[in-house]
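To keep things clear, I will list the structure first and then write my remarks on it.
In this chain, residues are counted from 1 in sequence order. Atoms considered below: every heavy atom in the structure, side chains included; atoms not considered: hydrogens, waters and symmetry mates. No experiment lies behind these values; they were computed from the predicted model shown.
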Amino acid sequence: MRYTNHRLLVPALLVLLNVLVMSLYSCTFNPNVQGRGSDYMQGVWDEEPLAYRDSLLQYTSHHFKFSCDSFYVTLKTEAKTNYYPDSCFNGGKWAEYAKGVYLVSNDTLYLAGTFTKANYKQKLHGCYRIGQYLPTFLIKSTSPGEIELQSLQQHLPVTLKLKEKINCNPQPL
């Protein structure tokens, strides 16, 4: 003889159904729109050259564009020593490009991107660096038109001067 207690089965199914419905309504997808980023970062920035850059074996200057939560950077390098094949050394002067997203957390600027071609399309091979671009900067100070950073990889100061202000207009992804 089979015994089933229907009085317990119906409330249990109702509780299970309620939990399922609540979990479906509590979950939402992230919007397919880029983030806003940091307001004071929005714009086109050029690095002020270091006074002692000529005494360094290699020096890289930064040209940033921060738009919403995205960044684009041109890295112009001058080197006295050659770490690349002779066809790439280019007399010790070359440019690299990267793009990605950034995050400002407390006093730190995190950049997460990839090296690209000059048109900011994916770079799979060629001279100089390829793959991920993941620098981190300590934000030493900010003022209207200027941001002072400290590179945590190279331990060099990076002073950025605002060249053009940009207003964030988040775009669909």
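The cluster map of Ile, Leu, Val, Met, Phe, Trp and Tyr, joined by side-chain heavy atoms under 4.5 Å apart, puts W94 and I130 in different clusters. Linking Ile, Leu, Val, Met, Phe, Trp and Tyr residues whenever their side-chain heavy atoms come within less than 4.5 Å leaves V104 and V101 in two separate clusters. Under the 4.5 Å side-chain heavy-atom criterion for grouping Ile, Leu, Val, Met, Phe, Trp and Tyr, F89 is connected to Y83 within one hydrophobic cluster.
The backbone N or O of A112 sits nowhere less than 3.5 Å from a side-chain atom of Q132 that would complete a donor-acceptor pair. At least one donor-acceptor pair under 3.5 Å links the side chain of K123 to the backbone N or O of R129. Between the side chain of E146 and the main chain of T142, no donor-acceptor pair closer than 3.5 Å is present. Listed for the E96 side chain is no donor-acceptor partner under 3.5 Å among the backbone atoms of Y128.
Interatomic distance, CG of N169 versus CD1 of I166, reported as 11.5 Å (0.5 Å rounding). Distance check: K93 NZ to T77 OG1 gives 12.0 Å after rounding to the nearest 0.5 Å. In this structure, the separation between CG on L103 and OG on S38 is 7.5 Å, given to the nearest 0.5 Å. Rounded to the nearest 0.5 Å, atoms CG (D54) and CD (E78) are 7.5 Å apart. Atom-to-atom distance recorded for L111:CG and L134:CG is 9.0 Å, nearest 0.5 angstrom. Atoms NZ and NZ, from K99 and K65 in turn, are 11.5 Å apart once rounded to the nearest 0.5 Å.
Taking the side chain as every heavy atom from C-beta outward, D107 and L138 approach each other to under 4.5 Å. Contact annotation: the side chain of F71 never approaches that of L109 to less than 4.5 Å [non-hydrogen atoms, C-beta and beyond]. Contact of the P170 side chain with the R36 side chain is registered, since non-hydrogen atoms from C-beta on lie closer than 4.5 Å. With contacts defined as side-chain heavy-atom distances shorter than 4.5 Å, the pair N167/Q42 does not qualify. Contact of the Q150 side chain with the V158 side chain is not registered, since no non-hydrogen atoms from C-beta on lie closer than 4.5 Å.
Atom NZ of K76 is surrounded by 12 or fewer heavy atoms from other residues, nucleotides or ligands within 6.0 Å. Counting heavy atoms of neighbouring residues, nucleotides and ligands inside a 6.0 Å radius, atom CG of D86 does not exceed 12 of them. For NZ of K165, the number of neighbouring non-hydrogen atoms (other residues, nucleotides, ligands) closer than 6.0 Å is greater than 12. Shown here is K163, whose NZ atom has more than 12 heavy atoms of other residues, nucleotides or ligands within 6.0 Å.
Here the closest heavy-atom approach between residue L156 and residue L56 is recorded as CD1-CD1, 4.4 Å. The two residues G35 and D69 come nearest to each other via the heavy atoms N-OD2, 3.0 Å. Taking both residues in full, the closest heavy atoms of S61 and E47 are given as CA-OE1, 3.2 Å, listed atom of the first, atom of the second, then distance. Smallest separation of non-hydrogen atoms from A79 and Q58: CB-OE1, 3.8 Å. I147 and M41 make their closest contact through CD1-SD, 3.5 Å (heavy atoms, listed as atom of the first residue, atom of the second, distance). Residues K140 and L149 come closest through the heavy atom pair CG-C, 4.1 Å.
Just one of Y97, Y133, F115 meets the side-chain contact (heavy atoms from CB on, under 4.5 Å) condition when paired with V73; it is Y133. Among Y110, F66, F137, W45, the one residue that satisfies the ring-ring contact (aromatic ring centres under 6.0 Å, His included) test with Y102 is F66.
Residues T114 and Y120 have side chains that never bring a donor and an acceptor to within less than 3.5 angstrom of each other.
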